[in-house]
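Data first, discussion second: the structure below is written as structure tokens.
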Amino acid sequence: MQGNTLLLHIFTLFLLLGATSSSAKDGINDRINSKQVYIVYMGAADSTNASLRNDHAQLLNAVLRRNDKALVRNYKHGFSGFAARLSKEEANSIAQKPGVVSVFPDPVLKLHTTRSWDFLKYQTHVKIDANPKTLSNSSSSSDVVLGILDTGIWPEAASFSDDGMGPVPSRWKGTCMKSHDFNSSNCNRKLIGARFYSDPNGDEGDSTPRDSIGHGTHVASTAVGAAVTNVSYYGLAAGSAKGGSPESRLAVYRVCSNFGCSGSAILAAFDDAINDGVDVLSLSLGASPGFQPDLTTDPIAIGAFHAVERGIVVACSAGNSGPSSYTVVNDAPWILTVAASTIDRDFQSNVVLGGNKTIKGRAINFSPLSNSAQYSLVFGETSKASNASLAEASQCQPDSLDGNKVKGKIVLCDGRNDEYSTSEIIDTVKAVGGIGLVHITDEYGAIASYYGDFPVTVTSSKDGATILQYINSSNPVATILPTTTVVDYKPAPLVPDFSSRGPSTLSSNILKPDIAAPGVNILAAWTENSSDDDVPKGRKPSLYNIISGTSMACPHVSGLASSLKTRNPTWSASAIKSAIMTSAIQSDNMKTPITTDSGSVATPYDYGAGEMTTSESLQPGLVYETNTIDYLNFLCYIGLDITKVKVISRTVPDNFSCPKDSSSDLISNINYPSIAVNFTGKATVNVSRTVTNVGEEDETVYSPVVEAPSGVKVTLTPNKLQFTKSSKKLSYQVIFSPTLTSLKEDLFGSITWSNGKYMVRSPFVLTK
Ligand SMILES: *[C@@H]1O[C@H](CO)[C@@H](O)[C@H](O)[C@H]1NC(C)=O
Ligand SMILES: *[C@@H]1O[C@H](CO)[C@@H](O)[C@H](O)[C@H]1NC(C)=O
Ligand SMILES: *[C@@H]1O[C@H](CO)[C@@H](O)[C@H](O)[C@H]1NC(C)=O
Ligand SMILES: *[C@@H]1O[C@H](CO)[C@@H](O)[C@H](O)[C@H]1NC(C)=O
Ligand SMILES: *[C@@H]1O[C@H](CO)[C@@H](O)[C@H](O)[C@H]1NC(C)=O
Ligand SMILES: *[C@@H]1O[C@H](CO)[C@@H](O)[C@H](O)[C@H]1NC(C)=O
Ligand SMILES: *[C@@H]1O[C@H](CO)[C@@H](O)[C@H](O)[C@H]1NC(C)=O
Ligand SMILES: *[C@@H]1O[C@H](CO)[C@@H](O)[C@H](O)[C@H]1NC(C)=O
Ligand SMILES: *[C@@H]1O[C@H](CO)[C@@H](O)[C@H](O)[C@H]1NC(C)=O
Ligand SMILES: *[C@@H]1O[C@H](CO)[C@@H](O)[C@H](O)[C@H]1NC(C)=O
Ligand SMILES: *[C@@H]1O[C@H](CO)[C@@H](O)[C@H](O)[C@H]1NC(C)=O
């Protein structure tokens, strides 16, 4: 397979929420029934209130009596409700019925790359972030089950071998659904469950758990794939691949296909997964920032709430809409929200100029050019078509180049500030006979994109300046070298531009994202029969693929969560989340603070608590446990009334009521592993936290180290936490008092408790 190439399409799965009808799918529905699918959400499934349980049955019967084809899905395990074809009037009327929390149109869902740019196409070899010394080895097996909601699975991939695994846990209630190309023999002791949720009126080809896209297979093998040696992407960057928790079991819920992921299917998968008995759920999909629904109409927030209430850890990707602020999605406080970071591996395709001067370029290509600079190099600007402007030609915009000046030459295009992707420019250059492309742009940052066998490389504007200067010499020449893998690349990790950023739009009192994990150039298993038509002529699709996105970061964290659950079966979902967050690191492999792609020091809005670690999180020392009451209070603070709160939760105590002072400021007091405070109009803010000792020693004393931003005084009371056999839980107060009258900008800092052995760090943000 040496030398083979494969053009990769990377998908980040996005729910396009808020849009109305008009997809092809709705077109079909429209013909069958002019009514739209609505989701009727009715809160907890097993409420102790018999009258609430009745409400579900009665409403459902009423809908079925009117039209027995109206029902699309019924939710009854993890929570209560249904999806049905209803008229607007019917939907409005149902919304008024007792026991109904919300009624909302089934979101129109789309699979798409997050930008028009093809920045999500590449290959590299990735060091899957699992330390064999600290994590159990693949020959052992755990009864922890990771569920993945995605595009399905390619079960034949070596990553899903069950070699050495013990029998399927007896408590497992999941199933391996049969379809035209999938049956129970595709499941094994590793892949223990596979379900699909095709639209009853949709494409027959989607009625299978089999992954025809690759995304779901990639994510699954990253999280829990067995160790597979000697894998590579067409010989580049060969090595072995292993998931974060190779001992864990896998259950897949196919909720996405080429047209996207429907909200009603996502809810059905949550409903099943809760009942099947998963321990951790991983979702590499979400809403687009502008279309984020509120908590009672967001299928992921709803499903995750019920999963977390039953002790399931739910990790979700933060989105690929960075680097602007307020772009993070999946930011409910019960979700573990994952940003992306780079790893210490780079893919360089350098440019050699006459005189053997080498300029750094970043790309993945299998350039057939000679290694010596023997090809004429021309600038787009000086090769302009007569009717094009200099600016258009310098950026090599479509139809702006004169073929006579470009044919047989390598073309230099200055892409700074333009809106065309490298792929679009390749089309332009190829169309007029160019033989290679050097694209100057900072758009891709740390990402090496994949360009097949056309010689293409991307240089930063800084490095590109040298080429722009050189091209003024007489008879400029160049070549583009084929890609080499650079290991121990520094600095790493850094936060790539695409990773979505905080603050959270949901509340300025919860810090999001929570954590960062590798999401750039990740090598993992792929679908053999990819529907991708980019496989070059004469080449077989690769069994492994290298792709990027917060989609790839999420399974690193869900895999780690599965490992923690294996080690600590009794830990709550929030203890696992806390362990992952408080053990994160903030410095890179140059021992300097982690930066963003643009070079600025990363803040918690970029990476939450920091980059995840695999060994420290196994022994966190202390954990911040966030309980259901915290989440119920959150619902109160964001404005839900007590009747709705009581319907939503199955464990709401009889004596629970929304706090009298339901100020959103109280959200800061939710026992979260990080702290966010809104300082507007306040002189001092008190925040309280409770930590639980999970270390080996019962008797131990923790002292704090505070990193405070200048202009703010941070006081802790008490400033020693003395744990004993009888006091495993201790609380403390943080008093923030700015010494300035008003904050000019959001400020960041941290509080680290340590007993000399463990460091338990919480980042904080003070917003103006
Ligand atoms: C049970 O739910 C109904 C609404 O369907 C509500 O009126 C009633 O107060 C609830 N009973 C209890 C004990 O919470
Ligand atoms: C790895 O496997 C070996 C033998 O199968 C076993 O002795 C060892 O304890 C395992 N290591 C871990 C960390 O589970
Ligand atoms: C599953 O499908 C395979 C291949 O199509 C077939 O050989 C096998 O007999 C089937 N197994 C069952 C249990 O249906
Ligand atoms: C690794 O894979 C390559 C290509 O598939 C093959 O040529 C080579 O023999 C393999 N090496 C080992 C040690 O299995
Ligand atoms: C060009 O430079 C590289 C190192 O940058 C060197 O290995 C190579 O031999 C040089 N080639 C020529 C023709 O000087
Ligand atoms: C220039 O003219 C060609 C042929 O007439 C046309 O295809 C192209 O779009 C024009 N380009 C610009 C930049 O207007
Ligand atoms: C190259 O030459 C052009 C004019 O011939 C000039 O405008 C430009 O600034 C020069 N570029 C560099 C980098 O020297
Ligand atoms: C902080 O609180 C003030 C007043 O309550 C509010 O107007 C402002 O929007 C809040 N800031 C953020 C970032 O939410
Ligand atoms: C993959 O595609 C090939 C060729 O189209 C087909 O023969 C084969 O059955 C497919 N495999 C699966 C598992 O769908
Ligand atoms: C509710 O009752 C529980 C015991 O059933 C008690 O621990 C808790 O403090 C009570 N909460 C309130 C707000 O009264
Ligand atoms: C903050 O908490 C401390 C310790 O509990 C308390 O003494 C103080 O009065 C509180 N301050 C405010 C402003 O609430």
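Quick note: numbers below take in every heavy atom, side chains included, and nothing from hydrogens, waters or symmetry partners. We count ligands from 1, going down the list as the structure has it; atoms in each ligand are counted the same way. The structure displayed is predicted, hence computed values, not measured ones.
Near Ser185, meaning under 4.0 Å from one of its heavy atoms, ligand 3 places the atoms 1 (C), 10 (C), 11 (N).
Remark: of the listed residues Ile751, Leu511, Val765, Ile751 is the sole one forming a side-chain contact (heavy atoms from CB on, under 4.5 Å) with Ile675. With Tyr41 as reference, Val101 is the one residue of Val647, Thr297, Val101 to meet the side-chain contact (heavy atoms from CB on, under 4.5 Å) rule.
Cysteines Cys176 and Cys187 are disulfide-linked, with SG atoms closer than 2.5 angstrom.
Residues Phe182 and Phe196 keep their aromatic ring centres 6.0 Å or farther apart.
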| Should Asp272 and Tyr197 be marked as a side chain to side chain donor-acceptor pair (under 3.5 Å) after you check the CA-CA gap, both sets of side-chain angles, and the distance that decides it? | CA-CA 11 Å; Asp272 283 335; Tyr197 302 90; 2.6 Å; yes
| request: Evaluate the criterion side chain to side chain donor-acceptor pair (under 3.5 Å) for residue pair His215 and Ser551; output intermediate values, then yes/no. | output: CA-CA 8 Å; His215 189 275; Ser551 278; 2.9 Å; yes
Which pairs of nitrogen or oxygen atoms, taken one from ligand 8 and one from the protein, are under 3.5 angstrom apart?
residue, atom, partner, partner atom, Å
ligand 8, 2 (O), Asn678, OD1, 3.3
ligand 8, 2 (O), Asn678, ND2, 2.3
ligand 8, 11 (N), Asn678, ND2, 3.0
ligand 8, 14 (O), Ser508, OG, 3.1

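By the 30° and 60° cut-offs, the orientation of the rings of Tyr631 relative to Phe305 is perpendicular.
Between Asn183 and ligand 3, an N or O atom pair is found at a separation short of 3.5 Å.
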